[in-house]
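Comments concern the structure below.
Numbered from 1 within each chain, the chains take letters A, B, ... in sequence-line order. These figures come from a predicted structure and were not determined experimentally. In what follows, every heavy atom counts, from backbone to side chain, and hydrogens, waters and symmetry copies are set aside.
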2 protein chains.
Amino acid sequence: MAMKKERKGDAYSARCPARLVLDQIGDKWTVLLLGVLVKQPTRFNELKRRLQGVSQKMLGQTLKKLERNGLVTRQVFATVPVSVEYAITPLGRTLAGTVDALRQWAEQHIDEVARAQERFDARP
Amino acid sequence: MAMKKERKGDAYSARCPARLVLDQIGDKWTVLLLGVLVKQPTRFNELKRRLQGVSQKMLGQTLKKLERNGLVTRQVFATVPVSVEYAITPLGRTLAGTVDALRQWAEQHIDEVARAQERFDARP
DNA sequence: CAGAATCCCAGCCGATACTG
DNA sequence: CAGTATCGGCTGGGATTCTG
């Protein structure tokens, strides 16, 4: 029997900081969420409205992950029906900036990528 | 800058260039793969050896996706057992650079993130 | 050596329903 | 309003087997 010893992850371990970042921003909603919050603090249902198509489950889950990683804060106001405001942290703001570099790369090179795909798909 | 109205595919449509990039680099092996190939062209089994823990399936699949997007090239040599060399393209090299910005962000802020996680996990 | 094909599981994610 | 809980589909990804 092939036992693996301590194969926890090699260069690919959870200790790899890059992996931590990609696990955060690689999911479906984080980038869009940061994109909204970087402009202003926003409440739960308002976020739900902005990110058309998100489910409460994923919104809550994504926000919780962001909060846990110190990228957004959650503040509760004791209004009549309680309201909760999410805001980006300074740390989150720096990440949003870095993610923006990615977005810029994408916009600059999307045509080239699209052409590569066509070439690839149109061959024997 | 043009306002996009188009609510059919949300802001989250496949047309979104940022989404295309995240779908490419967000997977488990792309970043590591680029990290190896950015140094020198490498053959299939050599890649498999370098990325300890990757399966042939995922390696082949990831390479194919990279090739389709024009980020790496695949060249076959008619040696005795045939050998195949994968190399990063200029386009792929620019992406690798951008990804590196992400890695730098991660390394600079991993401590702060870790502390945020501890604080989050250690509360009632 | 370089891969394709198959099986299977864990986790993401959406839809829906329920709570304070 | 702001969530949590549960069910189920889909897919990323690993292990294994087979081919040129």
Side-chain angles (χ1 to χ4, degrees), chain A residues 1-4 7-10 12-14 19-20 22-33 36-37 41-68 72-87 120 124, chain B residues 9-10 12-14 19-20 22-33 36-37 41-68 72-87 120 124:
Chain A
M1 55 167 85
M3 273 305 296
K4 359 169 90 173
R7 263 280 132 247
K8 287 284 264 194
D10 314 346
Y12 190 78
S13 125
R19 180 47 37 189
L20 181 131
L22 286 170
D23 283 347
Q24 170 70 77
I25 70 172
D27 68 21
K28 196 168 175 183
W29 300 106
T30 289
V31 168
L32 288 177
L33 217 35
V36 172
L37 290 176
T42 314
R43 292 190 303 156
F44 190 88
N45 274 344
E46 176 64 18
L47 285 171
K48 184 153 163 31
R49 241 169 283 124
R50 304 258 211 187
L51 275 62
Q52 279 234 299
V54 72
S55 60
Q56 304 97 313
K57 178 187 159 186
M58 287 318 298
L59 181 55
Q61 196 169 296
T62 306
L63 283 168
K64 191 173 290 185
K65 196 160 86 175
L66 285 166
E67 192 195 357
R68 185 173 115 91
V72 312
T73 58
R74 175 180 182 278
Q75 192 176 1
V76 182
F77 296 93
T79 51
V80 174
V82 57
S83 68
V84 179
E85 194 172 85
Y86 291 89
F120 185 95
Chain B
D10 316 347
Y12 189 77
S13 128
R19 179 47 38 188
L20 180 133
L22 286 170
D23 283 346
Q24 170 70 76
I25 71 172
D27 68 20
K28 196 170 177 183
W29 300 106
T30 290
V31 168
L32 289 176
L33 217 36
V36 172
L37 290 176
T42 314
R43 291 190 305 156
F44 190 88
N45 274 342
E46 176 64 19
L47 285 171
K48 185 155 163 27
R49 240 168 284 125
R50 304 260 211 186
L51 275 62
Q52 279 234 299
V54 73
S55 61
Q56 304 97 313
K57 179 187 160 186
M58 288 318 297
L59 181 55
Q61 195 170 297
T62 306
L63 283 169
K64 190 172 291 186
K65 196 160 85 175
L66 284 166
E67 191 195 356
R68 186 172 116 90
V72 311
T73 58
R74 175 180 181 276
Q75 191 175 3
V76 182
F77 295 95
T79 52
V80 175
V82 58
S83 67
V84 179
E85 196 172 85
Y86 291 90
F120 185 94

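Evaluation of the salt bridge (charged side-chain N to carboxylate O under 4.0 Å, His left out) rule for E46(B) yields R49(B), R50(B) as partners, not counting sequence neighbours.
The nearest whole Å value for the distance from the CH2 atom in W29(B) to the C1' atom in dG13(D) is 10 Å. Atom CG of L59(B) and atom P of dG12(D) are 17 Å apart (whole Å). At whole-Å resolution of the value, CE in M58(B) and C1' in dG13(D) are 5 Å apart. In this structure, NZ of K48(B) is placed 10 Å from P of dG14(D), rounded to the nearest angstrom. The separation between D23(B) atom CG and dG13(D) atom C1' is 16 Å, rounded to whole Å.
In this structure, the side chains of L33(A) and V54(A) stay at 4.5 Å or more apart for every pair of heavy atoms. A heavy-atom distance below 4.5 Å is not found between the side chains of F77(A) and R43(A). In this structure, W29(A) and Q61(A) have side chains that are not in contact, with every pair of non-hydrogen atoms separated by 4.5 Å or more. K65(A) places a side-chain heavy atom less than 4.5 Å from the side chain of D27(A). Between L66(A) and T62(A) the shortest side-chain heavy-atom distance falls below 4.5 Å.
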N/O to N/O distances under 3.5 Å, protein versus nucleotides 3-8 of chain D:
| from | atom 1 | to | atom 2 | distance (Å) |
| --- | --- | --- | --- | --- |
| dG3(D) | OP1 | R74(A) | NE | 3.0 |
| dG3(D) | OP1 | R74(A) | NH2 | 2.6 |
| dG3(D) | OP1 | Y86(A) | OH | 3.4 |
| dG3(D) | OP2 | Y86(A) | OH | 2.6 |
| dT4(D) | OP1 | K64(A) | NZ | 3.1 |

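Separation of atoms CD1 (I25(A)) and CD1 (I25(B)) is listed at 6.0 Å; rounding is to 0.5 Å.
Scanning DNA chain C 5' to 3' for nucleotides with an atom closer than 4.0 angstrom to a non-hydrogen atom of chain B gives a first and last hit of dC1(C) to dC7(C).
Along DNA chain C, the nucleotide closest to S83(B) and the one closest to V54(A) are compared, and the more 5′ of them pairs with S83(B).
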For side chain to side chain contact (heavy atoms under 4.5 Å, CB included), just list the numbers for D23(A) and R19(A), CA-CA rounded to whole Å, side-chain angles, deciding distance to a tenth of an Å, and then say yes or no. CA-CA 6 Å; D23(A) 283 347; R19(A) 180 47 37 189; 3.5 Å; yes
